[in-house]
Amino acid sequence: MKSEYDAWYAENGEYRQKVASDERRLAFHLMPKTGWMNDPNGLCQYHGVYHIYYQYTPFEPTGELKLWGHYTTKDFVHYQDDGPVLFPDEEIDAHGVYSGSAFIEEDTMHFFYTGNLKYFDRDDYDYINSGRGSNTISFTSKNGHDFTEKQLLMTTDDYPEDMSNHVRDPKIFKKDDTYYMVLGARDHKSKGMVLLYQSKDLASWTYANRITTEEPFGYMWECPDVFELDGQYILTCCPQGVPKDGIDYENVHQAVSMKLDYDFETNDYQLKDMHLLDRGFDFYAQQTFEDEQGRRILIGWMGIPDADYTNPTVEAGWQHALTIPRELCLENGKLIQKPMEELKQLRQDKSQKAFSKECGAAFDHVVYEAEIDFEYCQNMELSMRKGITLSYQDGILTLDLGAFGAGRTTRSVKVTELEHLQIFADTTSVEIFVNHGEEVFTSRMYQLEGELKLAGSCAGTMTVYTLDSFIIEDKEK
């Protein structure tokens, strides 16, 4: 498969030029060089270098055959693009290298992922409870670039008998002297859950438990992650098929966090404080890791499966991106997302204006970071681009993409008091951090005419920075 990709790459320089010339390419987000990008995978820091692997289809922008692409960075500003590094080139992963993770111990990078199989020997497969294989596979590396042979750990036959064929996305954590693996799962009754396995050696795994809600909460929990913050275990996952509830769960699929109280001796557990990780249109398949400074870092896919809205960039041969990296912390019992400090390196020209009562503050920027500190805010309307607004009225904060959402409309969240906004606007995306990261909106938007203007019954200060672009070097050059 690597040789086939190299031949394709050599013959498709014109395709790369077409994608690179698209004015909708993002300035400070990781994107595919060509084709399709989705889930971040194998996130880790190893010997000072951050490794960001991701689901990748370089050949076309709809995501048919999944590989793993690879970026590295030391500062989240300067990157190296290694291109595709993991291919579906064996019988155990013949129909796609699906999502997975990295776990570092004793100077070795241990990788785990799902090898996807689809069977075509019968015409009555539903590809939910039949016709599909989900293999859990591992390999290791000493540098993040050169890999050992793939090792098959578990097949569909190794999962509990009441599971459907949808079991995937392994993520590892360690408690005392035991390793644990969480896998997203869907049972035969279409109830979503997380399967928990344990191991003493990262090679032989035994089933320990299933983690789910008492009442069904979606039919499949994708991309599970369990980690500890300040002594509290957190479970994040992506439940599919959760019904809309007012202004909650409006997307086709969700990304949520839950506090997990777990007794590792008895396997008793309690889930509580479920919360949407993002209120925008384009956030899914998030993954976290702990870096060498002890920070818990989250990166998500700036996209979502099965949505009824689109991305016009498909016309130019590419689709999707990753979010900016975010540091997670617990504050007053709430899971908070904060933009990484390293992103301040992108700041260029600074402007600042005070505003009060009905007076507004206006700037003319397209790619920017804006921080708004409110002394008070009864109501307000913030134009982030011409025709794209963020408004606050009667305790509800609403993002409205107007005619520039390519099918995206409005998303809202209840906010008792609006104190602070931090907005990262790229050419065709926006990430809005509300009240220092208590809530976040992530979305693509397709209006390139700048207008940053605030008005309303409010007072405070708006600070705006123009932002530089990521610097990405191509290893293949």
Side-chain angles (χ1 to χ4, degrees), residues 26 28-32 36-41 43 52 54-55 63 99 169 184 218 220-225 234-242 244 247-258 274-289 296-311 313 319-328 335-340 343 384 388 390 397-401 405-413 421-426 428-435 437-446:
L26 295 157
F28 58 92
H29 288 83
L30 295 178
M31 306 166 287
W36 164 284
M37 167 189 277
N38 59 300
D39 304 10
N41 294 150
L43 304 183
I52 301 170
Y54 57 93
Q55 293 286 287
S99 288
D169 311 334
M220 171 70 189
W221 288 10
E222 288 199 309
C223 305
D225 192 354
I234 305 291
L235 166 64
T236 64
C237 62
C238 293
Q240 298 184 321
V242 177
K244 178 182 174 182
I247 60 173
D248 294 334
Y249 311 124
E250 290 195 275
N251 286 349
V252 60
H253 303 310
Q254 316 305 322
V256 302
S257 69
M258 298 170 255
M274 186 178 296
H275 190 79
L276 276 167
L277 281 167
D278 200 280
R279 294 284 178 164
F281 293 90
D282 296 276
F283 183 89
Y284 197 77
Q286 69 284 338
Q287 186 172 113
T288 77
F289 69 102
R296 176 61 55 173
I297 300 171
L298 177 148
I299 297 175
W301 172 31
M302 195 185 290
I304 198 167
D306 305 322
D308 58 4
Y309 38 86
T310 61
N311 292 299
T313 60
Q319 188 170 192
H320 299 311
L322 299 183
T323 68
I324 60 173
R326 308 166 183 183
E327 182 177 358
L328 300 184
L335 184 65
I336 302 297
Q337 302 178 62
K338 296 182 178 181
M340 294 285 291
L343 296 175
M384 299 182 293
I388 296 176
L390 184 70
L397 186 66
T398 298
L399 171 66
D400 188 343
L401 299 181
R408 298 162 180 83
T409 53
T410 64
R411 289 290 183 266
S412 301
V413 65
L421 293 171
Q422 187 174 10
I423 300 167
F424 287 81
D426 207 333
T428 54
S429 75
V430 64
E431 289 165 87
I432 305 164
F433 296 81
V434 183
N435 289 348
E438 289 187 2
E439 303 284 355
V440 187
F441 290 81
T442 300
S443 185
R444 301 303 300 272
M445 59 180 181
Y446 294 97

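The shown structure was predicted, so the numbers you read here are calculated from the model rather than taken from an experiment. Because only heavy atoms are used, hydrogens play no part in the values below, and waters and symmetry mates are left out as well, while side chains stay in.
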**Study point:** Worked check of side chain to side chain contact (heavy atoms under 4.5 Å, CB included) between Phe441 and Leu397
**Key:** CA-CA 10 Å; Phe441 290 81; Leu397 186 66; 3.9 Å; yes

So [Y] and [X], do their side chains get closer than 4.5 Å, heavy atoms only?
X	Y	value
Val434	Leu421	yes
His320	Trp36	yes
Met340	Pro325	yes
Ile299	Tyr54	no
Gln319	Pro32	no

request  = Would you check, one step at a time, whether the test side chain to side chain contact (heavy atoms under 4.5 Å, CB included) holds for Leu335 with Leu277?
outcome  = CA-CA 9 Å; Leu335 184 65; Leu277 281 167; 3.9 Å; yes

Got a second to check how far [X]'s [atom1] is from [Y]'s [atom2], nearest 0.5 Å?
X	Y	atom1	atom2	result
Leu322	Asn38	CG	CG	9.0 Å
Leu390	Leu401	CG	CG	10.0 Å
Arg411	Asp400	CZ	CG	11.0 Å
Ile388	Tyr446	CD1	OH	10.5 Å
Leu399	Ile432	CG	CD1	5.0 Å
Thr442	Gln286	OG1	CD	10.5 Å

Partners meeting salt bridge (charged side-chain N to carboxylate O under 4.0 Å, His left out) with Arg444 (sequence neighbours left out):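 Testing Arg444 for salt bridge (charged side-chain N to carboxylate O under 4.0 Å, His left out), a comparison that skips the adjacent residues, returns none.
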
#### Entry: Pair Arg279 + Asp248, salt bridge at N-O below 4.0 Å
yes

Heavy-atom pair of closest approach, residues [X] and [Y]:
X	Y	result
Phe28	Ala425	CE2-O, 3.6 Å
Ser429	His29	OG-CE1, 3.5 Å
Gln287	Asn41	OE1-C, 3.8 Å
Cys237	Pro224	CB-CA, 4.0 Å
Trp301	Pro40	N-CD, 3.8 Å
Met258	Met274	SD-CE, 3.4 Å

Item to complete: Evaluate the side chain to side chain contact (heavy atoms under 4.5 Å, CB included) criterion for residues Ile297 and Leu43: first the C-alpha distance (whole Å), next the side-chain angles of each, then the deciding distance (0.1 Å), finally the verdict.
Response: CA-CA 9 Å; Ile297 300 171; Leu43 304 183; over 6 Å; no

Closer than 3.5 angstrom, by distance alone: can the side chain of [X] be matched with the main-chain N or O of [Y] as a donor-acceptor pair?
X	Y	answer
Asp278	Gly280	yes
Thr288	Arg296	no
Asp282	Met302	no

Result for side-chain hydrogen bond (donor to acceptor under 3.5 Å, both in side chains) between Glu431 and one of Arg326, Gln422, Gln337 points to Arg326

| message | Is the ring pair Phe281/Tyr309 parallel, tilted or perpendicular, if the boundaries are 30 and 60 degrees? | response |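 Because their plane-to-plane angle is over 60°, the rings of Phe281 and Tyr309 count as perpendicular.
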
